[in-house]
Amino acid sequence: MTGEDRKTFWCIAGAIAVFAFFCALRIGGVLEKTELIAIDAGLRFDSRSLKPSGRIAIVSVDDNSINYLRYNRNIQWKWPRDIYALIINYMERCGAEAVAVDFLFSDPDITLAGYSEGETDEALAKSYKSFGKVYQTMRLHTDAIAFQPLMDDSALRERFALKADGAPRGAPEGKIIEWPILPLLHTARAIGVTNIEADRDGVIRRFAPLHKSGESAFQFLPLRLVSDADQLSLDNGRVWINHPGQLPLDSGRVWIKWYGLGGPGGAYPYYPAAEVFLSELQARDAKTPLVSCERFAGKIVFLGSNAGALFDLKQTPMATSAHPYPGVEILATVADNLLQGHTPRRMPPAVALAMIFAMSSAGFAGAVFIKNARTFLLAAVALHVSYAGAALMLFRRGLIPDIVGPEFALAASVIGGLVINYIFEGREQLKTKRALNQYVSPAVAERVIRQPELLRLGGDRRTLTVLFSDIRDFTTLSESLEPESLVQFLNEYFNRMTGIIIGEGGTLDKYVGDAIMAFTGAPDAPRPDDAARICRAALRMVAAIDEMNATWAAKWGRRLRTGVGISTGSAVVGNMGSDMRFDYTAMGDTVNIASRLEGINKEWGTRIIASNATKTAAGEGFVWRPLDEIMLKGKTRGVLAWDLLGLAGDERAEWLAASFARLREALATRKFEEADRIADMIFERAPDDGPTRKLMKRGKVS
């Protein structure tokens, strides 16, 4: 099995593992809480494109209404029921389409001073009957609560309930029914359940169209209100109304679409109950009502509460600390969903698992087919963003997709693909790099690994600083050593010299016998201190040879001297050779000058000679002494050569440079006695100083 086959195998195995893992999380419900948070974000996004039908208004018992009646009318909470009766009367006066009452009224009204027993209940029942379009709340409870349930409510069940055998699977169940008082039951147009269950995180996102109690099933109040005109039917656990048709059930419940923030100033117009109560009194007295009848004409009005003290504020995807969502507005929103046909459905589990599989496979497929890591990551990011964008569009289409599972699966597969790529491609690149390092410098090898397209003939013009180093009298050395010893000797030498060059950021070009060619300025971008790097490398090389000579003298009976030539200027650098074999190298006049300067060391008895361009480019961190304008072989113009003595601050180098400058001045002014004295002083500290010896010989001859 090839390396590519092994990589493909592990990518397939990784995709299967990621798919199985996220399937288990999805089926086990582990991701559900995070998924719901993502769905909330989608629902909020969707709400920007939705508008309420304009057919709904809310009359709310708010804090201001409670305080107004308490302090201005001396009516304490709980209000007597004739207050609600006046509100219902005003809805009838204004021509409202219907009223849904979100107050249970399960106990008879408490007799207050000035009222006879049952008077307020009768007033409210009378308003229900007169209007004829009031829908009353009822509730189901799983356990006994602090009220006395009817001993026999079979007649009420027969009148208001459906058969439970047609209810959808997963419909909520309640053992005990909390009915409104009988006068309201007899006068209301219909009754409906207002129980609404939150998800496990306490947020309300769905409603149950039907609730079961024993063999009875009761409609959700907004559904009962809408289906009063569009007959509801049940068929094998499916719920139908003429508009919007079959309700898409998710575990017996229907998802809610939202139209904006809750409460006054949000999606629906709110009218304080106290103002509506006063409007009815004003209308009876032929005065201009505080709230115009036009606000309610033809509207479905929900009567409920948003007062904080009444604890009917809920958590929904649209709820914020500044805009809590009143329970009555949830009922209004559900009714509006049904009126407009806004009944979203959740992505089927099979489709969600298919998306997880697709995303689990995508990252590993990218690892197989996309070789470039940057391209791979960009493709992964694009796929993440595309899926998120597609998910938001699905919200607009009424489909609630899984977001977290597929996105997490994609992220895991991308990470897995990167790891597999790193392991397999890293191994291959390491092999390639190790092989290349045997033939080219590490810098060149690294660049070829990063940019394989560089493996072609051609070059670029760059400003380079080129170094040539050569061993003096190598022929004599090679003749005096056995071939095996010579190879070992050269390997020690090349290892030490190459390490110094690379350590200074240089590029090793080649070994030519005992010679070394290196440069800075390529393949990476030129640096301001390229010339200084090569100069430091040259000084370190001659220092290392001096250090190693003691060992070599004992081991081989030989001591080495080398010459180094350095030149800075324009050169062509790139792959030179043929289509079958080529080398990464530099060519041009700058290379030739460096090679020639290396040879001039023999004539001057120096160790490092550099061109004037190199001295200028290297800066002030070095100690130099001028030699001469040297005519190099094959050149028609002279090259000003400089002897590199050491780094700035080197006392011996600075003394030698200063003394040599005085010697040149003495000879130039023909002060030969002074020149002899200076030369003797130089030879005392540097007995083998070639430039001094050459300068004195020339001066005496002239």
Side-chain angles (χ1 to χ4, degrees), residues 57-91 99-128 134-139 141 145-148 178-185 187-188 191 194-196 221 262-266 268-282 284 289-291 296 301-314 323-332:
I58 297 175
V59 174
S60 177
V61 176
D62 58 1
D63 292 314
N64 289 335
S65 294
I66 293 173
N67 291 332
Y68 173 81
L69 292 184
R70 175 184 297 158
Y71 297 116
N72 294 279
R73 298 276 177 161
N74 197 29
I75 300 174
Q76 304 297 317
W77 184 259
K78 294 181 178 182
W79 292 346
R81 300 214 172 121
D82 60 342
I83 299 292
Y84 301 102
L86 290 172
I87 293 173
I88 299 296
N89 290 339
Y90 194 62
M91 297 301 102
V99 174
V101 178
D102 190 27
F103 292 105
L104 186 54
F105 303 136
S106 59
D107 296 314
D109 202 4
I110 299 174
T111 301
L112 302 173
Y115 292 92
S116 62
E117 185 173 352
E119 181 180 350
T120 59
D121 287 334
E122 291 176 3
L124 183 57
K126 184 178 180 181
S127 68
Y128 276 27
V134 178
Y135 294 79
Q136 173 62 42
T137 292
M138 61 175 289
R139 285 190 178 274
H141 299 278
I145 57 174
F147 78 98
Q148 183 64 40
E178 187 176 6
W179 299 94
I181 58 175
L182 290 175
L184 301 184
L185 281 172
T187 54
I191 63 171
T194 54
N195 298 62
I196 187 163
L221 181 64
Y268 294 101
Y270 270 72
Y271 303 98
E275 293 184 9
V276 178
F277 157 74
L278 291 174
S279 296
E280 172 61 14
L281 296 180
Q282 292 165 341
R284 289 184 178 185
L290 186 62
V291 182
F296 304 109
V301 179
F302 282 82
L303 175 59
S305 166
N306 71 321
L310 301 186
F311 304 106
D312 195 29
L313 301 178
K314 310 295 184 181
H323 291 272
Y325 221 91
V328 65
E329 189 169 347
I330 297 176
L331 303 179

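- Scored by the side-chain hydrogen bond (donor to acceptor under 3.5 Å, both in side chains) test, N89 finds no partners at all (sequence neighbours excluded).
- In this structure, the salt bridge (Lys or Arg N to Asp or Glu O under 4.0 Å) partners of R284, at least two apart in sequence or on a different chain, are E280.
- Residues that satisfy the side chain to side chain contact (heavy atoms under 4.5 Å, CB included) test with D312, not counting sequence neighbours, are D102, K314.
- Checked against the 6.0 Å centroid threshold, Y84 and F105 count as a close aromatic pair.
- L221 and A100 make their closest contact through CD2-CB, 4.2 Å (heavy atoms, listed as atom of the first residue, atom of the second, distance).
- Take A85 and apply the side chain to side chain contact (heavy atoms under 4.5 Å, CB included) test, not counting sequence neighbours, and it matches A123, L124, S127.
- Qualifying side chain to side chain contact (heavy atoms under 4.5 Å, CB included) partners for A273, counting only residues two or more places apart in sequence or in other chains: V59, V61, S65, W79, I87.
- Under the 4.5 Å side-chain criterion, counting only non-hydrogen atoms from C-beta, V276 is in contact with M91.
- A distance-only check finds a donor-acceptor pair linking the side chain of T137 to the backbone of V101 [under 3.5 Å].
- Residues satisfying the ring-ring contact (aromatic ring centres under 6.0 Å, His included) test with Y325, not counting sequence neighbours, are W258.
- With rounding to the nearest 0.5 angstrom, the CZ atom of R139 is 13.0 Å from the CD1 atom of I191.
- Residue I66 holds its CD1 atom at 11.5 Å from NZ of K78, rounded to the nearest 0.5 Å.
- Taking every heavy atom of both residues into account, A307 and D63 meet most closely at CB-OD1, 3.4 Å.
- When all heavy atoms of Y68 and A274 are compared, the pair lying nearest together is CD2-CB, 4.0 Å.
- The side-chain hydrogen bond (donor to acceptor under 3.5 Å, both in side chains) check on Q136 picks up Y128, with sequence neighbours excluded.
- Interatomic distance, L182 CG to T187 OG1, rounded to the nearest 0.5 Å: 10.5 Å.
- Side-chain atoms of D121 come within 3.5 Å of backbone N or O of D109 as a donor-acceptor pair.
- Partners of Y271 according to the ring-ring contact (aromatic ring centres under 6.0 Å, His included) rule, which considers only residues two or more places apart in sequence or in another chain, are F296.
- Partners of S60 under the side-chain hydrogen bond (donor to acceptor under 3.5 Å, both in side chains) rule, at least two apart in sequence or in another chain, are N306.
- Partners of Y90 according to the side-chain hydrogen bond (donor to acceptor under 3.5 Å, both in side chains) rule, which considers only residues two or more places apart in sequence or in another chain, do not exist here.
- One finds the CG atom of L310 at 9.5 Å from the CG atom of D62 (value rounded to the nearest 0.5 Å).
- Shown here for P108 and R81, the closest heavy-atom pair between the two residues is C-NH1, 3.7 Å.
- One distance of note links CD of E329 with CD1 of I58; it measures 4.5 Å at 0.5 Å rounding.
- The shortest heavy-atom contact between Y270 and P326 is OH-CG, 3.2 Å.
- The structure places CD1 of I181 at 9.5 Å from CD of E122, a figure rounded to the nearest 0.5 Å.
- For the pair F103 and S305, the minimum side-chain heavy-atom distance is below 4.5 Å.
- Legend: residues meeting side chain to side chain contact (heavy atoms under 4.5 Å, CB included) with L290, ordered by chain and number and at least two apart, are E275, S279, Q282.
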